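Here is the structure we will look at, set down as structure tokens.
Because the structure is predicted, anything quoted here is derived from the model rather than measured. We count ligands from 1, going down the list as the structure has it; atoms in each ligand are counted the same way.
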Amino acid sequence: MSYFAGIEPIRYEGPESGVELAFRHYDPDATVGGARLEDQLRFAVAWWHSFAWPGGDPFGGQTFERPWFGETMEAARAKADAAFDLFAILGQPFFCFHDFDIRPEGDSFAESTRNFEEIVDYIGEKMEAGGPRLLWGTSNLFSHRRFMAGAATNPDPDVFAYAAATVKTVLDATHRLGGQNYVLWGGREGYETLLNTDLKAEADQAGAFLSKVVDHKHKIGFKGTILIEPKPQEPTKHQYDYDVATVAGFLHRYGLQDEVKLNLEQGHAILAGHSFEHEIALAASLGLFGSIDMNRNDYQSGWDTDQFPDNPREVALAYYEILKAGGFTTGGTNFDAKLRRQSLDPVDLVAAHVGAMDVCARGFKAAAAMMEDGGLEAARRERYAGWQSRDARRMLEEETLDAIAARVREQDLRPEPRSGRQERLENYVSRFI
Ligand code: XUL
Ligand code: CO
């Protein structure tokens, strides 16, 4: 019997519905911003949080008792069955996984790989039978103790090799399953103390590693996007892929800026001291925007709490930047979000996703309406209108400091400060939420 027995597929019932498990805002077939909402949002369920995470925290272990828990192939198949049961209830178009989430660890690389490929085939059959597609695959290079000092940036070349072999295997499988992207999150690519760390050597290792991944992508003809997921810390004290700006610098340093894009996560942006929309807007302005991991952090705890999103305004501002960048291409909205550890029931997992999908749909509709209205862009254009003048263009392109100084004196320039209109713009946004 299905773990989710008794829970019917979720239907769109409109904002007035009194049914608990219904979509009030997410109507997959509605046209919003010129396309079907399902195709705009491209929702994905994350295998690790929803099916593999046992509910532990730093002070206590497992709280969830899922019938599929266990390190056997039988358990892995039962886990995949449960996953596809949830997918059938939610009807979302995509899912994501790490190798580690879907297969038991073997005694050797060869055995782990055998386990992995067997489950990949099993998942592939389920996908062919009408399940969702793969938004992205990724390798877990951070949970096993062999990776405690990093994967690509490990001081031991054998760990680099093990990590490279793992990424090859998982990228191949992602390709086989028709994945749209491949993600690299550097969960242990950083340091605990500078006292034992060679920054230059580790950066060069990471650059070489990523170049090999890109080469392999081209070799096998994978048409998806390679994505790096920035995060400033956790689990390591300092992570090299700190934020968008840092990763952009890294990609340029190793000549990979045209090959790799970014997967941006709400909670990671907050940990880095940014807003989510800042990270998206910056990535888009650098031509590096790829995909998002949607969640939220608790604003008091200071940890990466990976909660399901519940704030339409925050979500709207994020989607606004995505729409401004032209919307998703290979990317999508992956719920990198987990239940609270007291949320024990099967229905909790369903409700978490339903609520999150609805909040995203609400935010997206607000973003699309703002986009169509054009008020923010009109205000922005007006604010920078002075730069359209010939003098302004010439100053940027030609004038030396001497020439500029002479002109300021000659024209007796006396710049007058103008209102930034922040509150009026905030009121404008509130009208759409
Ligand atoms: C960790 C995190 C990961 C990546 C994939 O904070 O976000 O789950 O998304 O490895
Ligand atoms: Co993530």
Checking the N or O distance criterion of under 3.5 Å, is ligand 1 in contact with [X]?
X	answer
Glu265	yes
His98	yes
His49	no
His268	yes
Asp336	yes
Trp136	no

Residues, nucleotides or ligands: over 12 heavy atoms within 6.0 Å of [X] [atom1]:
X	atom1	result
Asp107	CG	no
Arg11	CZ	no
Arg146	CZ	yes

Next on the checklist: I'd like to check which ligand 1 atoms, numbered from 1 as shown, lie under 4.0 Å from a non-hydrogen atom of Asp304.
Outcome noted: 6 (O)
Checklist outcome for this item: ligand 1 atoms nearer than 4.0 angstrom to some heavy atom of Lys231 are 6 (O)
Item to check | Name of whichever N/O/S atom of Glu265 is nearest to the Co ion (ligand 2) | outcome: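 It is OE1, the N, O or S atom of Glu265 closest to the Co ion (ligand 2).
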Item to check | N/O/S atom name from Asp293 that is nearest to the position of the Co ion (ligand 2) | outcome: OD2
Hey, is [X] close enough to [Y] for a salt bridge, meaning N to O under 4.0 Å?
X	Y	value
Arg421	Glu382	yes
Arg103	Glu105	yes
Arg176	Asp172	no
Glu74	Arg77	no

Checklist entry - From Asp306, does some N, O or S atom reach closer than 2.8 Å to the Co ion (ligand 2)? => result no
Checklist entry - Strictly under 4.0 Å, does any heavy atom of Val183 approach an atom of ligand 1? => result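 No.
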Item to check | Opening angle at the Co ion (ligand 2) [OD2, Asp336; OE2, Glu229; to 10 degrees] | outcome: 160°
Checklist outcome for this item: Quick look: Asp293 vs ligand 1, heavy-atom contacts under 4.0 Å, and the answer is side chain
Next on the checklist: Against the six-membered ring of Phe64, is Arg66 placed for a cation-pi contact (under 6.0 Å from the centre, within 45° of the normal)?
Outcome noted: yes
Next on the checklist: Within the 3.5 Å criterion, strictly below it, is a donor on Asn295 or His49 matched to an acceptor on the partner's side chain?
Outcome noted: no
